[in-house]
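The structure under discussion appears below in the form of C-alpha cells.
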Amino acid sequence: MKLDEFLRLNAPEELAALTLAISKASITVWDNIPFKSGLLAGVNPSGETQKAIDVFSNDVFVETLAATGCAAEVASEEMAEPAEAKGTVSVAMDPLDGSSNVETNNPLGSIFGFYSGKLPTSGRNLLGSLYVTYGSMLTITLSFGKGVHRFVAVREGAAMNFELLGVNLRLPEKPEVYGIGGSRRDWIPPVGRFVDSLEERGLRVRYCGTFVGDYNQVLSRGGMFAYPQLAKKPKGKLRILFETAPIAFLNEQAGGYGSDGRQNLLDIAPSELSETSPAYIGSAQLVRELEKAVTEG
Ligand code: AFP
C-alpha cells in the first residue's frame, strides 16, 4: 500500500497533507546530503554549529509544510522563532538530526511533532508524530495515536514512492540493546550503576550519535536509549518539543515508556521552544526501573 492511500484511510486530513508534504521534501533532503556535507553555515538557537544541510533541510521543510495550508506555525531546532502560517496544526521539527554524522556516513534523521495549540506546549497535546531515517533505506515511521507504522521509499522509474513496510510495530518483550549519550564520567551515579546492571543482564551497547538511528535500534530490538542529565548539563541535551516528546509519543504507541528520570516525558510543559530535559526512552519495564534508580539517587 502506498503512503497516500494509507493516509487517506487512516489519518485526519490535515495530518495526511502534512505527512505527504514531509515525505516529498525528505526525498529532496536525501538527494542533497552529498552536495551539502561538510559545509558550515552558522549557529542555531541552542548555540550548536549549523551545517549547510541543517539550514537547507530546515528551509525545504518550512516551505513545504507552509504550502499545505494546514500548518498554523512551524517551529524548528534551527530557528529562534516559529514561521507563522494559515493552518490549524502546530508543527515542531528537528529538520536534520545527527548532522555531525554526515561525514562519518552514519544514519541521519528528521523528527516532527504535530501539536494542537500554540507552541511551546506539552506532549499531551500531540496529535501525532513521525521521524524520517536517512540510513541504509529512506524510511518514515509514524503514529497518529493508533499504533506505529513504517514506510520505505522505493524507486519506480524516475519517481520515488513510499510503500508500507510494517504496521503496528511493537517493542519486543525481551530487551537486547541500550545506547546512552554523553561521557560515562559525566553521568549521574544512578545511571552508571543502571548501565552496569544492563551489562550483567547481557544487553549490548548500540550508540551511533543520531537519536533517530539509536531509537530505531531500540524499537526493533527492545531496550533503552538515553541522553541523561550530566554533571555539566543537568537538563540534558535533547530538546523536548522537537526531539524527545515526538519520539516518546511514538514509543508509547509501540508499548514503551519515556521519562525525564522522574516523570513521563509527555507531561513536561516546556516554557521555551528549545528547552531540553534528560531523556530515557524505550522498553517500559526498563525505563521505569531507571526512573526508580534516579528517584532513589
Ligand atoms: P547533532 O545534530 O549536532 O549531530 O546532535 C545529534 C543529537 O542531537 C542527537 O541526535 C544525539 O542523540 C545526540 O545529539 C548526540 O550527542 P553526543 O554527541 O553528545 O553523544
Residue list, side chain to side chain contact (heavy atoms under 4.5 Å, CB included) with E48, at least two apart or on another chain: N44, S46, E77, K237, R239
Taking D214 for its side chain and G179 for its backbone only, find out whether a donor-acceptor pair lies under 3.5 Å. no
Set out, in order, the CA-CA distance, both residues' side-chain angles and the distance that settles salt bridge (Lys or Arg N to Asp or Glu O under 4.0 Å) for D196 and R184, then state yes or no. CA-CA 11 Å; D196 293 343; R184 188 177 186 114; 2.4 Å; yes
What I want to check is whether the side chains of N216 and T133 have a donor and an acceptor closer together than 3.5 Å. yes
Backbone of C70 reached by a side-chain donor or acceptor of T68 within 3.5 Å: yes
Could you walk me through whether V29 and V132 pass the side-chain contact (heavy atoms from CB on, under 4.5 Å) check? CA-CA 11 Å; V29 170; V132 181; over 6 Å; no
Derivation and outcome, side-chain contact (heavy atoms from CB on, under 4.5 Å), residues L96 and F56: CA-CA 9 Å; L96 210 284; F56 176 81; over 6 Å; no
Got a donor-acceptor contact below 3.5 angstrom from the D186 side chain to the A231 backbone? no
How far apart are the C-alpha atoms of F61 and M93, what are their side-chain angles, what is the distance that settles it, and do they pass the side-chain contact (heavy atoms from CB on, under 4.5 Å) test? CA-CA 9 Å; F61 284 124; M93 66 178 185; 3.6 Å; yes
Residues in ring pair (Phe, Tyr, Trp, His ring centres under 6.0 Å) contact with Y115, at least two apart in sequence or another chain: none
So does N264 get a backbone contact from the side chain of S259, meaning a donor-acceptor N/O pair under 3.5 Å? no
Parallel, tilted or perpendicular for Y134 and W30, by the 30°/60° rule? parallel
Applying side chain to side chain contact (heavy atoms under 4.5 Å, CB included) between L119 and each of V91, N125, L241, report the one that passes. L241
Do F151 and L250 sit in one hydrophobic cluster, given that two such residues count as connected whenever their side-chain heavy atoms are within less than 4.5 Å of each other, even indirectly? no
Taking all non-hydrogen atoms of both residues, which atom of L3 and which atom of S23 are closest, and how far apart? CD2-CB, 3.6 Å
Distance under 6.0 Å and angle within 45° of ring axis: R288 vs Y257: yes
Heavy-atom donor-acceptor pair, T121 side chain to G117 backbone, under 3.5 Å: no
Salt bridge between D267 and R124, side-chain N to carboxylate O under 4.0 Å? yes
Whether the side chain of K51 engages the backbone of S99 through a donor-acceptor N/O pair (distance < 3.5 Å, no angle test) should be reported. yes
Would a hydrophobic clustering, with Ile, Leu, Val, Met, Phe, Trp and Tyr connected at side-chain separations under 4.5 Å, put Y215 with L126? no
Look at D260 together with K235 and state whether they make a salt bridge at an N to O cut-off of under 4.0 Å. no
Are more than 12 heavy atoms, taken from residues, nucleotides or ligands other than E156, located less than 6.0 Å from that residue's CD atom? yes
Salt bridge check: are E5 and K2 linked by an N-O gap of less than 4.0 Å? no
When hydrophobic residues are tied together by side-chain contacts of less than 4.5 Å, even through go-betweens, does L138 share a cluster with I111? no
For the residue pair R150 and T139, confirm or rule out a side-chain donor-acceptor distance under 3.5 Å. no
Per the side chain to side chain contact (heavy atoms under 4.5 Å, CB included) rule, which among L169, L142, N251, L171 passes with V148? L169
Ring centroid separation for F211 and F225, is it under 6.0 angstrom? yes
Apply the test salt bridge (Lys or Arg N to Asp or Glu O under 4.0 Å) to residues E63 and K24: give CA-CA distance (whole Å), side-chain angles for both, the deciding distance (0.1 Å), then the verdict. CA-CA 12 Å; E63 203 182 304; K24 293 195 172 68; over 6 Å; no
Between Y131 and D94, does any side-chain donor sit less than 3.5 Å from a side-chain acceptor? no
Is it true that E73 and K118 make a salt bridge, defined as a side-chain N closer than 4.0 Å to a carboxylate O? yes
Within the side chain of S129, is there an N or O that forms a donor-acceptor pair under 3.5 Å with the backbone of G113? no
Under a single-linkage definition using a 4.5 Å side-chain heavy-atom cutoff for Ile, Leu, Val, Met, Phe, Trp and Tyr, are L165 and I27 assigned to the same hydrophobic cluster? no
R193-S197 side chain donor-acceptor pair, cut-off 3.5 Å: no
What pairs with N101 under side chain to side chain donor-acceptor pair (under 3.5 Å), at least two apart in sequence or on another chain? T104, T210
Hydrophobic cluster identity match, F6 and I140, side-chain contacts under 4.5 Å: yes
Please check if the distance between the ring centroids of Y178 and Y207 is under 6.0 Å. no
Side chain S283, main chain Q285, donor-acceptor under 3.5 Å: no
Between E275 and S271, a side-chain donor and acceptor under 3.5 Å: yes
